[in-house]
Number of protein chains: 2
Amino acid sequence: MAQLQADGVRRAPLNRDRVLRAAVALADDNGIDAVSMRNLAQELGVVPMALYKHVANKDELLDGMVDVIVGEIDPPAGGSDWKPAIRRRILSARRALLRHPWASRVIESRPRPTLVVLDYLNSIVGMFRAGGFSADLTHHVMHALGSRVWGFTQELFPGSPLPADPELAATMFRDLAGRYPHIAEIVTSAAAHDDGSVVGGGCDDQFEFEFALDLLLDGFDRLHRQGWTSRGQA
Amino acid sequence: MAQLQADGVRRAPLNRDRVLRAAVALADDNGIDAVSMRNLAQELGVVPMALYKHVANKDELLDGMVDVIVGEIDPPAGGSDWKPAIRRRILSARRALLRHPWASRVIESRPRPTLVVLDYLNSIVGMFRAGGFSADLTHHVMHALGSRVWGFTQELFPGSPLPADPELAATMFRDLAGRYPHIAEIVTSAAAHDDGSVVGGGCDDQFEFEFALDLLLDGFDRLHRQGWTSRGQA
DNA sequence: ACCTGAACACCGTTCAAGT
DNA sequence: ACCTGAACACCGTTCAAGT
């Protein structure tokens, strides 16, 4: 992985941007656990301590990595209607996150938002306000959206529950159905609407994300039109 | 923190349950970062390797800690109406999680559900089915609920954004308002409905959680009554 | 057979010694 | 003044030596 470097050949000097991009590439290629200060330094052909001139510590490195990903989210498109505009923006964030599978975990783990993160959130809040939402309703609506503004949801059954081998999958499914009949039933129902096979290989995450997003946006729309306030409906 | 032990005094022999309870207590008292195999062993007055007879490795320890917390969730109460029954159960899960602030982070981090976790999820699925929901709709509804079945949401602004000192808070608020006017506005609106002060000390998390939960449950109810299916409405 | 201390291969970060 | 190797205080886990 680490690029060889002939003696005497000078590397372009490090800067914060190169450090962050290398960290993102390393996480993309080898997973987030591969992003240690020592490992990243080796990847860049420098001594670990050299990184500390460009990021104060590992937390700042992770914040910077998040900022790189947030930078990949499309800016708001024109259009006066708040619902399709917000929907499109959030699905753009989702595409950025799907390109970097480690990013949602890192976003969740950050205790404080960076300036870049605040910019993104501020602009989403602004889109609700431009759509005529009261500050009060917008506040609650942002909380209800939660991590979905980033285009991800906390999955209850991460990874595919069943192995690829169909025979082994059938056995495990019978086990599952015996102990957890209700879960087995809804796993089956999901597979049925995909390709008709009895044992599902997993869920259509994009469908599930849009289902929940639209349910929320429709709910917001209804409350907005009813003139909802936190003191009681008008 | 570690209990002193006189020479020759025999401790009750370790077992899996005592290990898990000690880990939960350690996380409650000193935070989840204090739960290392070495630190936990010291707390129990044993050598680190002694733990490995009761849990295979650290991942299994964390799974076991989650199981302890899931065990604190009230069993389903009687009653034929699915909505209040599910609402009550999820709010019970929330109370368990609030008693152990580290638990939501650990739940999020587990790559596979344990048997105890599957039991809880299976019973929630069963409550929707008992309420007359189709397997198809129940599937999507469980995804839409996401981590909210555990009684938590990923917070966008974790911690209180402003310091306790009112003068310092006012200065920081002016900074915030300059760069992020929309965010400043909804922070203000939240405070206003609490106690009328201009600068909010934070949000009412319980209100926000119930707002989003009810919005979702109401949405589920509406789809259910419309006979919604993933192939298109009936 | 059972238990456990030392060791291994890592961390993030500090700091003093070297150029 | 700048850079960096060694060191510090940790990890989870393996393994062989000791009882």
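Residue numbers start from 1 in every chain, and the chains themselves are labelled A, B, ... in the order their sequence lines are given, proteins ahead of strands. Here the structure is a predicted model, which means the values were calculated and not measured.
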Problem - Paired stretches of DNA chain D - 3 or more consecutive Watson-Crick or G-U pairs, each distance under 3.5 Å - result: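 The stems are C:4-8 with D:12-16, C:12-16 with D:4-8.
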Practice task
Give a yes or no on whether A:D33 atom CG has more than 12 heavy-atom contacts from other residues, nucleotides or ligands under 6.0 Å away.
Solution key: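 No, because the 6.0 Å sphere around CG of A:D33 holds 12 heavy atoms or fewer from other groups.
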Problem - Heavy atoms from other residues, nucleotides or ligands near CZ of B:R16 exceed 12 (cutoff 6.0 Å) - result: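 Atom CZ in B:R16 is crowded, with more than 12 foreign heavy atoms closer than 6.0 Å.
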Handout entry: Distance under 6.0 Å and angle within 45° of ring axis: B:R94 vs B:F209
Key =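 Output yes; distance and angle both within limits.
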Which whole number of Å gives the distance between the [atom1] atom of [N] and that of [M]?
N	M	atom1	result
D:dC3	C:dC15	C1'	13 Å
C:dT14	D:dG12	C1'	23 Å
C:dG18	D:dC8	P	16 Å

Exercise for the section: Could you list the residues that satisfy salt bridge (charged side-chain N to carboxylate O under 4.0 Å, His left out) with B:R87, not counting sequence neighbours? Expected result: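 Applying salt bridge (charged side-chain N to carboxylate O under 4.0 Å, His left out) to B:R87 gives B:E210, B:D214.
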Problem - salt bridge (charged side-chain N to carboxylate O under 4.0 Å, His left out) against B:R105, all qualifying residues, sequence neighbours excluded - result: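 Applying salt bridge (charged side-chain N to carboxylate O under 4.0 Å, His left out) to B:R105 gives none.
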Problem - Heavy-atom donor-acceptor pair, B:N39 side chain to B:A34 backbone, under 3.5 Å - result: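 Yes: the side chain of B:N39 pairs with the backbone of B:A34.
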Handout entry: Boundaries of the chain B footprint along DNA chain C (any atom under 4.0 Å from a heavy atom)
Key =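 Range of nucleotides touched by chain B: C:dC3 to C:dA7.
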Exercise for the section: Check every strand shown and say whether A:M49 touches a base, only sugar-phosphate, or nothing at a heavy-atom separation below 4.0 Å. Expected result: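 Base, at least one base atom sits under 4.0 Å.
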Handout entry: Test side-chain hydrogen bond (donor to acceptor under 3.5 Å, both in side chains) applied to B:E72 - qualifying residues, sequence neighbours left out
Key =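 Residues passing side-chain hydrogen bond (donor to acceptor under 3.5 Å, both in side chains) with B:E72: B:R99, B:H100.
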Exercise for the section: Quick one: list whatever passes ring-ring contact (aromatic ring centres under 6.0 Å, His included) with B:Y120, sequence neighbours left out. Expected result: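 Applying ring-ring contact (aromatic ring centres under 6.0 Å, His included) to B:Y120 gives B:W150.
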